[in-house]
There are 2 protein chains.
Amino acid sequence: MFEHNSRHNNNDETVLPIPSNNETSYFDESWTEDDLKQIIRKMNLKVTPQRILILQTLHEGRVHITAQELYEKVQKINSDVGFATVYRFLKGMAESRVVTELRMGSMPTRYELTPKKHHDHMTCTACGKIVEFQNKNIEDHQEKVAKQYGFKLTHHVLELYGICTSCQMKK
Amino acid sequence: MFEHNSRHNNNDETVLPIPSNNETSYFDESWTEDDLKQIIRKMNLKVTPQRILILQTLHEGRVHITAQELYEKVQKINSDVGFATVYRFLKGMAESRVVTELRMGSMPTRYELTPKKHHDHMTCTACGKIVEFQNKNIEDHQEKVAKQYGFKLTHHVLELYGICTSCQMKK
DNA sequence: TTCTAATTGAAAATGATTCTCATTACTAGT
DNA sequence: ACTAGTAATGAGAATCATTTTCAATTAGAA
Ligand SMILES: [Mn+2]
Ligand SMILES: [Mn+2]
Ligand SMILES: [Zn+2]
Ligand SMILES: [Zn+2]
């Protein structure tokens, strides 16, 4: 049904709202080293080989990755990267909204490069599958609520939890 | 504007969608010891003085409380309560949905007795004020999304973040 | 190239939450 | 009310993701 445009990983299947055949990269576009440097500079950070590698690995790898997982991936390529740097850089990128943090329950934080078109997540509590979705209606109503209370919204967290189709059938 | 029906606490102002004059208790109704015992038994847990006290304190105290804060409150009344018990009981209550966990950013988890009528939260990132709101439209659209992907929803997390009116004026 | 603040890695620290385990307290069944 | 069998408790240790420290290194402006 929606298996055709999904990339999965045992316990973390992601379904994009937009069809894609690319199995390894979140974005269809690929980033050159200059692209990477630009992104880092835009955050008012100095360009270092560590940051380039971390950002590149994040971009090429699977979405919804933990700091630990990213650290291990990066380690295999260049062991001159400490995990403090991975955490620090992820934190910085989250602050400048280059990456988005996903805090699901009490699990370790997962990160994804902030996509141009915002999406939210629906997670199967039985198997961990993550479905990404976009819903303009919900977003609009959120703005209405904010306006109603005089708030100026900066961001939001919307996570739906439930049981996916296949887990429903399993029992 | 909406100050008239709010209970606040320095860094945590809550605005209820339903008018209320009660400044100390989340619910208008008060709970007798028997009420408390009933609630505990319904969770298939044994009734102990610790659990009664914890639940009572949670009910009478401010909403959106941390485990630590609750532990300290309870300590003042009866020091025969360990903080392991507070954590354990809160966890149990969360599992049986008697309390709801609020994980805002990376701050310690806050708890509130699950209200009969569900609500979500909007938080001011400048001053920490928390506004509670209900929005049937959003809830309905969430169900639509779930149905669209074949999910059976169990619960959800919706948190709006932004700047409240007074913080907007301060700068 | 030089200078200086930013960055880094290793290790220690932190802090919320969970676990261990010996002791105590419920409560169903008598 | 009594008791056995099990659940619950508190103190402190353990966990574990994340952050901080700090001395050494490096990026990049001048
Ligand atoms: Mn995503
Ligand atoms: Mn609330
Ligand atoms: Zn599933
Ligand atoms: Zn504010």
Side-chain angles (χ1 to χ4, degrees), chain A residues 33-34 36-55 57 64-96 98-111, chain B residues 33-34 36-55 57 64-96 98-111:
Chain A
E33 184 155 323
D34 273 337
L36 298 169
K37 288 179 180 173
Q38 290 299 329
I39 293 169
I40 296 170
R41 288 205 191 88
K42 255 180 233 160
M43 305 191 248
N44 298 313
L45 295 176
K46 293 190 173 175
V47 173
T48 66
Q50 290 91 336
R51 283 172 175 163
I52 291 176
L53 179 55
I54 291 169
L55 185 52
T57 305
H64 310 142
I65 197 171
T66 65
Q68 182 65 37
E69 288 165 355
L70 182 54
Y71 166 67
E72 282 164 11
K73 271 191 112 171
V74 160
Q75 267 288 303
K76 286 179 186 160
I77 300 167
N78 181 350
S79 57
D80 289 345
V81 180
F83 77 130
T85 301
V86 173
Y87 269 106
R88 262 188 304 237
F89 189 38
L90 279 173
K91 195 185 170 193
M93 289 193 288
E95 271 165 18
S96 52
V98 171
V99 303
T100 301
E101 298 178 322
L102 263 87
R103 293 191 163 87
M104 291 172 25
S106 51
M107 331 240 66
T109 305
R110 290 185 174 274
Y111 300 84
Chain B
E33 184 154 325
D34 272 336
L36 298 167
K37 289 179 181 175
Q38 289 300 328
I39 293 170
I40 296 170
R41 288 206 190 89
K42 255 180 231 160
M43 304 191 247
N44 297 313
L45 295 175
K46 292 190 174 175
V47 173
T48 67
Q50 289 92 336
R51 285 175 174 161
I52 291 175
L53 178 56
I54 292 170
L55 186 51
T57 306
H64 310 143
I65 197 172
T66 65
Q68 183 64 37
E69 288 165 355
L70 183 54
Y71 167 67
E72 282 164 10
K73 273 191 112 171
V74 160
Q75 267 288 303
K76 286 178 186 160
I77 300 168
N78 181 350
S79 58
D80 290 345
V81 179
F83 77 129
T85 301
V86 174
Y87 269 105
R88 260 189 304 236
F89 190 37
L90 280 174
K91 194 185 171 196
M93 288 193 289
E95 272 165 18
S96 51
V98 170
V99 303
T100 300
E101 298 178 322
L102 264 86
R103 294 191 162 86
M104 291 172 25
S106 51
M107 334 239 64
T109 305
R110 289 184 175 275
Y111 299 85

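Because the structure is predicted, anything quoted here is derived from the model rather than measured. Order of the sequence lines sets the chain letters (A, B, ...), proteins ahead of strands, with each chain counted from 1. As a basis for the values below, the full set of heavy atoms in this structure was taken, side chains included, without hydrogen atoms, waters or symmetry mates.
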(message) Please find the pair of heavy atoms, one from Tyr71(B) and one from Val81(B), that lie closest to each other, and give the distance.
(response) CE1-O, 3.3 Å
(message) Does dT9(D) have its OP1 or OP2 closer than 4.0 Å to a side-chain nitrogen or oxygen of Arg51(B)?
(response) yes
(request) Side-chain contact test, heavy atoms from C-beta onward, threshold under 4.5 Å: evaluate it for Lys91(A) versus Glu95(A) and give yes or no. (result) yes
(message) What is the separation between atom CG on Leu70(B) and atom C1' on dT17(C), rounded to the nearest whole Å?
(response) 15 Å
(request) To the nearest Å, give me how far apart CZ (Phe89(A)) and C1' (dA6(C)) are. (result) 14 Å
(request) For Met104(A) and Met107(A), work out which heavy atoms get closest and say how close. (result) O-CG, 2.9 Å
(request) Ignoring hydrogens and angles, tell me if any N or O in the side chain of Arg41(A) forms a donor-acceptor pair with the backbone of Val47(A) under 3.5 Å. (result) no
Could you write out each protein N or O paired with an N or O of nucleotides 28-30 of chain D at a distance under 3.5 Å?
unit_1	atom_1	unit_2	atom_2	d
dG28(D)	OP1	Val47(A)	N	2.9

(request) Mind calculating the distance between CG (Asp80(B)) and C1' (dA8(D)) to the nearest angstrom? (result) 14 Å
(message) Just the rounded figure in Å: distance from P of dA8(D) to CG of Leu53(B).
(response) 17 Å
(request) Let me know the distance between CD of Gln50(A) and C1' of dA6(C), rounded to the nearest Å. (result) 12 Å
(message) I'd like to check Met93(B) versus Leu55(B) (side-chain heavy atoms, cut-off strictly below 4.5 Å). Are they in contact?
(response) yes
(message) Could you tell me how far apart Ile40(B) (CD1) and dA8(D) (P) are, to the nearest whole angstrom?
(response) 11 Å
(request) Rounded off to whole Å, could you give me the CE-to-C1' distance for the Met43(B) and dA8(D) pair? (result) 14 Å
(message) I need the minimum non-hydrogen distance between Met43(A) and Ser96(A), along with the two atoms involved.
(response) SD-OG, 3.3 Å
(message) Salt bridge or not between Glu33(B) and Lys37(B)? Use side-chain N to carboxylate O under 4.0 Å.
(response) yes
(request) Report, as a single string ordered 5' to 3', how protein heavy atoms within less than 4.0 Å touch nucleotides 18-23 of chain D: B base, S sugar-phosphate only, - not at all. (result) BBBB--
(request) Search all heavy atoms of Lys46(A) against all heavy atoms of Arg51(A) and return the closest pair with its distance. (result) O-NH1, 2.9 Å
(request) Take atom OH of Tyr71(A) and atom C1' of dA11(C), then tell me their distance rounded to the nearest Å. (result) 12 Å
(request) Find out whether Lys42(B) and Val98(B) are in side-chain contact, i.e. whether some heavy atom of one side chain is under 4.5 Å from a heavy atom of the other. (result) no
